[in-house]
> 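The structure is given below, and queries will be raised subsequently.
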Amino acid sequence: MSSATCRLVDAAPARAYGQGPVEIRTRIEGQVLPLLSSGIARAVSAWLQRTAPFRRESLEEIRIRKGLPLCLVLSSGDIFLSRDGTEVRPEAGFCPDGGEVQKTFALLTDCSSYAMEPELATGYITLPGGHRVGLVGRMAAFSSGKYVLREVSGFNIRIARHVRGASDKVVPLILTGGPEKKPRPTLIVSPPRAGKTTMLRDLSRVLSEGRADLELPPCHVGVVDERSEIAACYDGVPQHDLGPRVDVLDRCPKAMGMMMIIRSMSPDVVVTDEIGGDEDARACAEACAAGVAILASAHGRDIEDLARRPYSSWLVDKGYFEVFVVLSRRNGPGTVEYVGPRTEGDEKFCSSR
Amino acid sequence: MFVAMKVLGSVLILVSGLLLGISCSSRLAGRCRELDCLDKALLHLKTEISYGLTPLPRALQVSGEVAGGLVGRAFSKASELVGRRGGMVPSEALRQALSGAELAALGPEVRNVILEMATCLGTSGRSEQIALLDATRERLRILKENAADDAARYGKLYRHLGILGAVVLVLLLV
């Protein structure tokens with residue numbers, strides 16, 4: 001496939017209803033491969049055509065590193081590709097050169113690095129379809145104290161997927177009792193790549209649509225998407241299906257965005273990703289105190305791991321979050337290990353995927 | 001009949017000489033016009049990049065529409081080829097867009113200036129892009145001044161040469 005003749009076949013929002021193996025392949029071929037240099041695109045495309053559907057479906061990441069073998073991360077482990085897309089040992093893998101990495105960077109940024117300076121400073125960009133591209137390279141420091149990524153040498157393209165129904169087992173456990181059901185403040189805890197964002201995304205959709213079988217009325221959901229990962233907005237349009245009653249504050253710092261969206265959009269629920277510091281934790285506490293249910297996520301193996309961190313310990317201890325959802329990759333991404341309060345009481349315990 | 005044919009032939013030679021002179025002269029004037037369009041396109045591109053932070057494909061398209069002329073059309077064509085949609089980097093897209101025979105009048109120097117700019121277009125931060133476009137416009141300004149001098153100096157000369165050459169040819173033939 002020549003990159004000169006590639007076209008994005010679907011830059012429209014990727015409404016991920018009934019996403020199956022074939023659709024994953026179509027999305028990668030239509031949304032990701034045209035943005036890779038011809039050599040890399042050819043190898044990945046050949047692998048997609050050759051491999052079994054269940055393996056294609058398990059593709060999570062495409063890792064491109066200058067001078068190192070092209071790597072695909074599947075849920076079962078890593079594989080390396082040769083130039084013609086066959087799976088080989090790392091020593092025999094296809095190593096993209098500087099020109100290929102440079103061309104890929106130009107296409108990923110739409111030849112507009114200047115328009116993506118804030119994203120490049122954070123180390124990732126979002127593609128049409130919601131796929132996230134992490135970048136590494138040499139950071140250049142300026143006298144202003146600003147750091148800018150120069151000479152990009154590697155990419156991690158995380159394939160976006162909306163797993164509809166990912167939160168089905170969790171939703172009943174985070175709702176209040178009584179006749180008027182509404183969500184309780186909930187914190188999703190897991191190590192990286194265990195499905196925190198996928199869970200938040202599906203929870204947002206379910207809450208926004210409501211669920212008659214659970215007597216859950218539809219809620220207005222405000223999403224503060226600092227890393228553009230939950231809604232994956234592209235050109236202001238959410239690339240994931242978050243339901244009909246969702247307002248997204250894209251790329252806004254959480255600490256500022258949470259109060260801003262509460263004041264401006266009066267949501268019933270505020271959803272935000274990866275509480276990562278004291279300021280974020282304080283903003284969460286403030287939002288909880290404002291009477292809005294917060295759904296948030298944080299890195300950690302379990303609740304105790306979170307309670308050991310200085311910024312989040314008081315948030316956990318003071319009971320701002322009523323429900324904790326712990327995820328792992330034990331049975332694959334999105335394995336629900338625990339749903340309940342910090343101290344396990346008479347709440348239900350869930351350990352199935 | 002023979003005299004009438006001679007007169008008709010002479011008139012044809014005179015008209016051809018005149019048209020040839022005018023054509024050469026207008027080519028010089030046309031080069032100045034296209035350089036004006038190019039300057040306008042680059043100025044608008046700078047605005048789109050510096051104030052609008054508009055992605056390059058869209059910025060090229062808008063600049064091409066504003067500038068008009070053959071250069072404007074070339075910018076619009078480049079906008080379709082560049083970036084995520086077209087799969088080309090700016091240097092490839094502009095090289096292809098400027099390869100049309102009608103843009104040959106711009107001359108190799110101007111093409112080289114644009115292609116040199118294109119190798120760095122979109123690859124750096126906003127302030128670097130502004131500096132790049134300013135430097136390119138400055139280089140083009142010098143070329144535009146030379147082109148204007150040529151048009152003023154040689155434009156009239158070509159017109160006169162055309163008609164005078166035709167008169168000399170008629171006298172020789174008669």
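Predicted model only: the values in this text are computed from it and were never measured. Letters A, B, ... are given to chains in the order of the sequence lines, protein chains preceding strands, and every chain is numbered from 1.
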> So does B/Arg137 have more than 12 non-hydrogen atoms from other groups sitting under 6.0 Å from CZ?
yes
> Enter the distance from A/Cys111:SG to B/Glu92:CD here, rounded to the nearest 0.5 Å.
9.0 Å
> Between A/Leu108 and chain B, with a heavy-atom cut-off of 4.5 Å, which part of the residue counts as in contact: side chain, backbone, both or neither?
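It is the backbone, since no side chain atom gets that close.
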> Distance check, rounded to the nearest 0.5 Å: B/Thr123 atom OG1 versus A/Gln102 atom CD?
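Output value for this atom pair is 8.0 Å.
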> Please check if atom CE in A/Met259 has more than 12 non-hydrogen atoms from other residues, nucleotides or ligands closer than 6.0 Å.
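Counting neighbours around CE of A/Met259, more than 12 heavy atoms of other residues, nucleotides or ligands fall under 6.0 Å, so yes.
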> A/Ala115 and B/Leu53: which non-hydrogen atoms are nearest, and at how many Å?
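Where A/Ala115 meets B/Leu53 most closely, the heavy atoms are CB-O, 3.3 Å.
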> To the nearest 0.5 angstrom, please state how far the OG atom of A/Ser112 sits from the CD1 atom of B/Ile49.
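Interatomic distance, A/Ser112 OG to B/Ile49 CD1, rounded to 0.5 Å: 8.0 Å.
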> So for B/Ser127, is it side chain, backbone, both, or neither that comes closer than 4.5 Å to the heavy atoms of chain A?
neither
> Do other residues, nucleotides or ligands put more than 12 heavy atoms under 6.0 Å from A/Arg50 CZ?
yes
> So with a 6.0 Å cut-off around CD of B/Glu145, is the heavy-atom count from everything else above 12?
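Yes, because the 6.0 Å sphere around CD of B/Glu145 holds more than 12 heavy atoms from other groups.
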> Nearest 0.5 Å please: distance from the CG atom of A/Leu35 over to the CZ atom of B/Arg85.
10.5 Å
> Are the side chain of A/Ser113 and the backbone of B/Gly122 linked by a donor-acceptor contact shorter than 3.5 Å?
yes
> Write down the atom of A/Thr126, the atom of B/Arg84, and the distance for their closest heavy-atom approach.
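The pair with the smallest heavy-atom distance is O-NH2, 4.1 Å.
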> I'd like to know if the side chain of A/Tyr114 reaches the main chain of B/Thr54, judged simply by a donor and an acceptor atom lying under 3.5 Å from each other, with no hydrogens or angles considered.
yes
